[in-house]
Every structure is written in C-alpha cells, then in structure tokens.
Amino acid sequence: MLEREVIQSVGFRNTKENGKVTGFQFKIRLPYYRGIFLCQLRPGTLFVDGERFEKEDIVWNVSGKDYTYEEMKSNMECHWATTEPAVLKVKKEGGLSQGYHDLTYGFCFTSSYMPPVMQNALDPDKESPIFMPEFGHHVNHRKLIIV
C-alpha cells in the first residue's frame, strides 16, 4: 500500500555493491490519477540535507528495470502506474549516515490535455502556485530515517 506522501518512507536505505555501500535509494509515488510513460517525465534535482544530486546522477527503477535520465527521455514503452512506486537510486560513496535526513525532490510530467505553453513553463525544481500535483507538478519534502 502506498503512503499519501509522494516520497515514501518504506524503502529509504543505503545500497551496496559487492558488500560496499555505494549510495542510497528511496521510493516515490506518482501523484496523478493515471499513469505516464517515461518520456513524459521531467525529473528534477534531489537535495538531501542540502547536498545536491543532479537528475543525470539518479537512476530510476520502474517495473523492475533501471533507467537513466537519457534513457527515459525517449522511452515511449515503459509505463509508470499510479499504484507502483518508482525506486530512485543515487550514487554516493559511503551512502548516508544513520539518522534523520531531509529530502527535497520535485518532478513534473507532460499531459496530452495541457497546452504546450503551460507545459514549457514547468520547472521540476520550483513550486508554482498555478500548477497542482494532479496536473504534473509538485516539489516534495520529507524527513526520513536510516537505521
């Protein structure tokens, strides 16, 4: 069951490769009443405790498969459903320390019924009072813990 918050508390943890902590991951849900294709997605910048991680440094896992930002831009086949969280994987040597961390992450997406002039104004890193999350835009904040 997904939580109401876009950034989910379940799944926030450090990740390992060959027994070494190489980064961290967290899950997000799509705040939209219907799913989207990856090419519709406009990922933003992630901030964790003030540290900046660019969209090019984040790998999205949707339906069990990893996608880079470049791969997502042209992917018209993978569909992200509203009932399935995406796992965002971030490389960071040593991962995150135990304890609480402040996450800020925004993303937006295009919709067939939104005029292009409105969609071109979307900035995934800035909150806008004009756009609602149901129409593809929201900057999300959450304090989560790694134990």
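Any value given below was found using the heavy atoms of this structure, including those in side chains, with hydrogens, waters and symmetry copies removed.
Note: Arg29 CZ to Glu5 CD = 8.0 Å, rounded to the nearest 0.5 Å. Rounding to the nearest 0.5 angstrom, the gap separating the NE2 atom in His79 from the CD atom in Glu84 is 10.0 Å. Put simply, SG on Cys39 and CE on Met72 are 10.0 Å apart, with the number rounded to the nearest 0.5 Å. Here CZ of Phe107 is found 8.5 Å from CG of Leu88. Values are rounded to the nearest 0.5 Å. Residue Ile28 holds its CD1 atom at 11.0 Å from CG of Leu2, rounded to the nearest 0.5 Å. Atom NZ of Lys27 and atom CD1 of Ile7 lie 14.5 Å apart (nearest 0.5 Å).
When all heavy atoms of Tyr67 and Glu71 are compared, the closest pair comes out as CA-OE1, 3.3 Å. Scanning all heavy atoms of the two residues, the minimum distance from Asn140 to Gly106 falls at ND2-CA, 4.3 Å. Nearest approach of Pro43 to Pro124, heavy atoms of both residues: O-CG, 3.6 Å.
Looking at Phe26, Tyr105, Tyr69, Phe24 one by one, the single match for ring-ring contact (aromatic ring centres under 6.0 Å, His included) with Phe53 turns out to be Phe24. Applying side-chain hydrogen bond (donor to acceptor under 3.5 Å, both in side chains) to Lys89 and the options Thr22, Asp57, Asp66, Thr15 leaves one that passes, Asp66. Among Gln8, His101, Glu3, the single residue meeting the side-chain hydrogen bond (donor to acceptor under 3.5 Å, both in side chains) criterion with Arg142 is Glu3.
A continuous path of hydrophobic side-chain contacts links Leu103 to Ile146 [ILVMFWY only; heavy atoms under 4.5 Å]. Following chains of ILVMFWY side-chain contacts shorter than 4.5 Å, one can reach Trp60 starting from Ile36, so the two form part of one hydrophobic cluster. Val59 and Val90 are not part of a single hydrophobic cluster, where members link through side-chain heavy atoms under 4.5 Å apart. Both Val6 and Tyr33 sit in one connected hydrophobic cluster of ILVMFWY residues. Membership requires side-chain heavy atoms under 4.5 Å apart, directly or through other members. A continuous path of Ile, Leu, Val, Met, Phe, Trp and Tyr side chains, each step under 4.5 Å between heavy atoms, connects Tyr100 with Val147, placing both in one hydrophobic cluster.
A donor-acceptor contact shorter than 3.5 Å is absent between the side chain of Gln25 and the backbone of Arg13.
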Evaluate the criterion side-chain contact (heavy atoms from CB on, under 4.5 Å) for residue pair Trp80 and Phe109; output intermediate values, then yes/no. CA-CA 12 Å; Trp80 182 20; Phe109 47 87; over 6 Å; no

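Side-chain contact check for Asp125 versus Val139: every heavy-atom pair is 4.5 Å or farther apart.
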